[in-house]
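One structure is given below, encoded as structure tokens.
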Number of protein chains: 2
Amino acid sequence: MSAEWDPYRGDCPSRMLLDRIGDRWTVLVVGVLSDGPHRFSELGRRVVGISQKMLTQTLRSLERDGLITRTVYAEVPPRVEYRLTEAGHTLQEPLRALQTWATEHMDAVVDSRRAYDRVGGRLDR
Amino acid sequence: MSAEWDPYRGDCPSRMLLDRIGDRWTVLVVGVLSDGPHRFSELGRRVVGISQKMLTQTLRSLERDGLITRTVYAEVPPRVEYRLTEAGHTLQEPLRALQTWATEHMDAVVDSRRAYDRVGGRLDR
DNA sequence: CTGTATCCGCCTTGATACTG
DNA sequence: CAGTATCAAGGCGGATACAG
């Protein structure tokens, strides 16, 4: 399966998705939007630690990729609503699988790291 | 679901996994190792574009996390074999789901980007 | 409220050279 | 073959100030 992966091509599926979820915030934002539509400030509060700049940037990228929609309501004060598109929703499933894996294996990984570090990073013989 | 995510805590499952797959090479290396054990130089050839330094670094991280094992054979020339652990294998599944998603939605995303860029990044009204 | 613009430091990565 | 060491470049992301 991995044979047809071509990390060189920018339009390679693997690379495309990796570039998207590798930016540290995308997955978290999509996770919050899974609950339903949210406005800018709500997202900022929910995704703890994200800066305004990164939130905007993440949202723009997701919009550009067609994974979320951005709706501006002509009100005062202005209100902008972000919501997952059909495609965006389909991304939830694989993301949730990853989340599940992480939850189930977190302890083992933490233990492994501790053991590895304790012996100075040399487990082989 | 997303409510209990805490991006602040370093041991949060989400963050941990994100840090791991966000480094651009881990997923590719795991993908190659899915085919079976490989030696260092083989991995270097299969994961096109990776530098020796990054390959080493990626391998060390995976070993530290208990996702792969490193076996040194006392031969001349030296031979080192990397193989997925039990935990490493379980990671394949969610990774494959992600890969599948990427493959299925790649075209749509590329189209979306083109459309977005054509109108100067302003799809909202 | 919802952004945009700018400066800037850190970390990741790549290139290169060297070793057991 | 399988790394390690070092240095430099670039991008990511944070902080801050400002605007519609």
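The figures that follow rest on heavy atoms only: side chains count, while hydrogens, waters and symmetry mates do not. Within every chain, numbering begins at 1; the chains are lettered A, B, ... in the order of the sequence lines, protein sequences first and strands thereafter.
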(request) Report yes if some heavy atom in the side chain of E63(A) is under 4.5 Å from a heavy atom in the side chain of T69(A); otherwise report no. (result) no
(request) Report yes if some heavy atom in the side chain of L59(A) is under 4.5 Å from a heavy atom in the side chain of F40(A); otherwise report no. (result) yes
(message) If you define the side chain from C-beta out and look only at heavy atoms, does anything of W25(B) sit under 4.5 Å from L55(B)?
(response) no
(request) Could you please name the option among dG20(D), dA2(D), dG14(D) that lies closest to any side-chain atom of R70(B)? (result) dA2(D)
(request) Heavy atoms only: give me the nearest P13(B)-A102(A) pair and the separation to one decimal. (result) O-CB, 3.5 Å
(request) Please state how far atom CD in E63(B) lies from atom C1' in dG3(D), giving the value in whole angstrom units. (result) 13 Å
(request) Name all residues meeting the ring pair (Phe, Tyr, Trp, His ring centres under 6.0 Å) criterion together with H38(B); count only those two or more places apart in sequence or in a different chain, and write none if there are none. (result) none
(request) Return the value, rounded to whole Å, for the distance between atom CG of D19(A) and atom P of dG11(D). (result) 13 Å
(message) Rounded to whole Å, how long is the line connecting atom CG of L55(B) with atom P of dT16(C)?
(response) 18 Å
(request) Rounded to the nearest angstrom, tell me the gap between atom CD in Q52(B) and atom C1' in dG14(C). (result) 12 Å
(message) Is there a side-chain contact between R39(A) and the phosphate of dC1(C), meaning an N or O under 4.0 Å from OP1 or OP2?
(response) no
(request) Send over the distance from R20(A) CZ to dC12(D) C1', rounded to a whole Å. (result) 14 Å
(request) Write down the distance between CD (Q57(B)) and P (dA2(D)), rounded to a whole number of angstrom. (result) 19 Å
(message) I'd like to know whether Y116(B) forms a side-chain contact (heavy atoms from CB on, under 4.5 Å) with R60(A), so could you lay out the CA-CA distance, the side-chain angles of the two residues, the decisive distance to 0.1 Å, and finally the verdict.
(response) CA-CA 10 Å; Y116(B) 187 90; R60(A) 288 293 173 281; 3.6 Å; yes
(message) Using the side-chain heavy atoms of T56(A), tell me which of these nucleotides is nearest: dT2(C), dG14(C), dG3(C).
(response) dG3(C)
(message) Applying side-chain contact (heavy atoms from CB on, under 4.5 Å) to R70(A) and I68(A), what does each step give before you reach the verdict?
(response) CA-CA 7 Å; R70(A) 175 174 182 270; I68(A) 65 172; over 6 Å; no
(request) Report the nucleotide, chosen from dC1(C), dG14(C), dG14(D), that has the shortest atom-to-atom distance to any side-chain atom of S51(A). (result) dG14(D)
(message) Testing T58(B), L91(B), D19(B) one by one against T26(B) for a side-chain contact (heavy atoms from CB on, under 4.5 Å), which residue passes?
(response) T58(B)
(request) Take atom CZ of R79(B) and atom P of dA2(D), then tell me their distance rounded to the nearest Å. (result) 9 Å
(message) Is the shortest side-chain heavy-atom distance between V27(A) and L18(B) below 4.5 Å?
(response) yes
(request) Could you check if a side-chain atom of S34(A) sits within less than 4.5 angstrom of a side-chain atom of L84(A), using non-hydrogen atoms only? (result) yes
(message) For a quick check of understanding: with a heavy-atom distance under 4.0 Å over all strands, which category does Y82(A) fall into, base, sugar-phosphate or nothing?
(response) sugar-phosphate
(message) The side chain of W25(A) is closest to which nucleotide in this list: dG14(D), dG20(D), dT4(C)?
(response) dG14(D)
So which protein nitrogen or oxygen atoms get under 3.5 Å of nucleotides 7-10 of chain D's nitrogens or oxygens?
none

(request) Would you mind telling me which of dG14(D), dG3(C), dA2(D) lies closest to the side-chain atoms of M54(A)? (result) dG14(D)
(message) With nearest nucleotide decided by heavy atoms, which residue, I50(B) or R45(A), maps closer to the 5′ end of DNA chain C?
(response) R45(A)
(request) Would you tell me if any nitrogen or oxygen in the side chain of S41(B) comes within less than 4.0 Å of OP1 or OP2 on dA2(D)? (result) yes
(message) Nearest whole Å is fine: how far is dA2(D) C1' from H38(B) NE2?
(response) 17 Å
(request) Starting from the first five and the last five pairs of the helix from dC1(C)-dG20(D) to dG20(C)-dC1(D), work out the angle between the resulting helix axes, to 10 degrees. (result) 50°
(request) Select base, sugar-phosphate, or nothing to describe what E75(B) touches, counting heavy atoms under 4.0 Å on all strands. (result) nothing
(request) Can you figure out which of dG3(C), dT4(D), dC1(C) approaches the side chain of R60(B) most closely? (result) dT4(D)
